[in-house]
2 protein chains.
Amino acid sequence: MKKTVFVFSSLIIALLVLFKLSEYSYRSGNLNIELLISIIAVLFFVIGVYINKKGLTKDGSKPIPIDLKKLEDLGISKREYEVLEQVIKGLSNREIGEKLHLSESTIKTHVSNLLVKLDVKRRTQAIQKAKELKIITE
Amino acid sequence: MKKTVFVFSSLIIALLVLFKLSEYSYRSGNLNIELLISIIAVLFFVIGVYINKKGLTKDGSKPIPIDLKKLEDLGISKREYEVLEQVIKGLSNREIGEKLHLSESTIKTHVSNLLVKLDVKRRTQAIQKAKELKIITE
DNA sequence: TTGGAACTCATACTAAAGTACCAAAAGTGT
DNA sequence: ACACTTTTGGTACTTTAGTATGAGTTCCAA
């Protein structure tokens, strides 16, 4: 997003100011050099954190992208989920059947059940819904 | 995108070096302090980045969200793009027609042309393709 | 072992989706 | 004005999707 660009630009400007200040401090001798180092350190620390603020879970115990709980709640079975994955890939019922070594009829049954469980009318909507529910790895 | 972050990081580092050089030429002698500042800055930057080892995955930071150039290359017209947006939302041809005040026939024509231009067979594949090409705002 | 999911597959049907033409109106650039 | 693209819409057709229903199988827990 352009937000990232904005943030970086602001940081660069801040950096500029900081360096100007440091330059000034050399001449006037007003600024404490330790304070300057601290500011720079904190600043760059913030930059680093900001870059990947997306994953602030430092416990590292949640690397699971798929929401298995929602699958449970919706009552989607293992086989149905496999079919859903292929539907999202854009395969036809026949192609899914060939891939999973099942008949087209079976796929139709699974898809039909999936549509009910996802509360949608078409497979294209199922794709959207699955992404909303974070049921799949995008 | 990772690339944007990388570019900006490089820019910051380049700025750092530039200022260091300018100060060096203007007030040579106290190289140790400036070097120390630089090292600390980079160090804390790295610390900040790697404190969340989750990494910089999907950032989606592009100045332009939609890749208009690809739309040009594919020869997708304005109307076709509007239809594509609705297809991705999971609407049926009839629903799209009602939404855009067009007949279902017209939508079918647009969709059919879209499938050819996107080089896919089904609308479900068109959804995938559009996301691959970053033609849409996800 | 038995009842209930889950899985499989079939038939028959309706509803969308998609293809293959055609054609006319409207805008665009030369 | 003329050629060109876009947009719109139609008919007729084939294919895919989806529904409804039934039924046989397997697997697991009570």
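Computed from a prediction, not measured in an experiment: that's the story for all the values here. Just so you know, these numbers use all the heavy atoms, side chains as well, and skip hydrogens, waters and symmetry mates.
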Worked check of side chain to side chain donor-acceptor pair (under 3.5 Å) between A:Arg123 and A:Asn93: CA-CA 11 Å; A:Arg123 56 170 54 206; A:Asn93 291 333; 2.2 Å; yes

Can you give one letter per nucleotide of nucleotides 6-18 of chain D, 5' to 3': B if a protein heavy atom sits under 4.0 Å from the base, S if only from the sugar-phosphate, - if neither? -SBBBB----SBB

When rounded to whole Å, the CD1 to C1' distance for the pair B:Ile96 and C:dA16 reads 12 Å

Rounded distance in Å - CD (B:Glu98) to C1' (C:dA16): 14 Å

Using a cut-off of 4.0 Å between protein heavy atoms and nucleotide atoms, how would you tag nucleotides 25-30 of chain C 5' to 3' with B, S and -? ------

So does A:Lys121 get a backbone contact from the side chain of A:Gln125, meaning a donor-acceptor N/O pair under 3.5 Å? yes

Need the bend value for the helix from C:dT1-D:dA30 to C:dT30-D:dA1: angle between end axes, 5 pairs each end, nearest 10°. 50°

Taking CD from A:Glu82 and C1' from C:dA6, how many angstroms apart are they, rounded to a whole number? 12 Å

With heavy-atom distances below 4.5 Å as the criterion, would you say the side chains of B:Leu102 and B:Arg79 are in contact? yes

Rounded to the nearest 0.5 Å, how far does CG of B:Leu84 lie from OG of B:Ser77? 10.5 Å

Quick one: do B:Lys89 and B:Glu95 make a salt bridge, cutoff under 4.0 Å? no

Rounding to an integer number of Å, can you tell me how far B:Gln86 CD sits from C:dA17 C1'? 17 Å

Does A:Glu132 pair with A:Lys129 as a salt bridge, N-O distance under 4.0 Å? no

Between B:Gln128 and A:Ile88, is any pair of side-chain heavy atoms under 4.5 Å apart? yes

Any side-chain heavy atom of A:Leu100 within less than 4.5 Å of one from A:Thr106? no

In whole angstroms, the gap separating P of C:dA6 from CD1 of A:Ile107 amounts to 17 Å

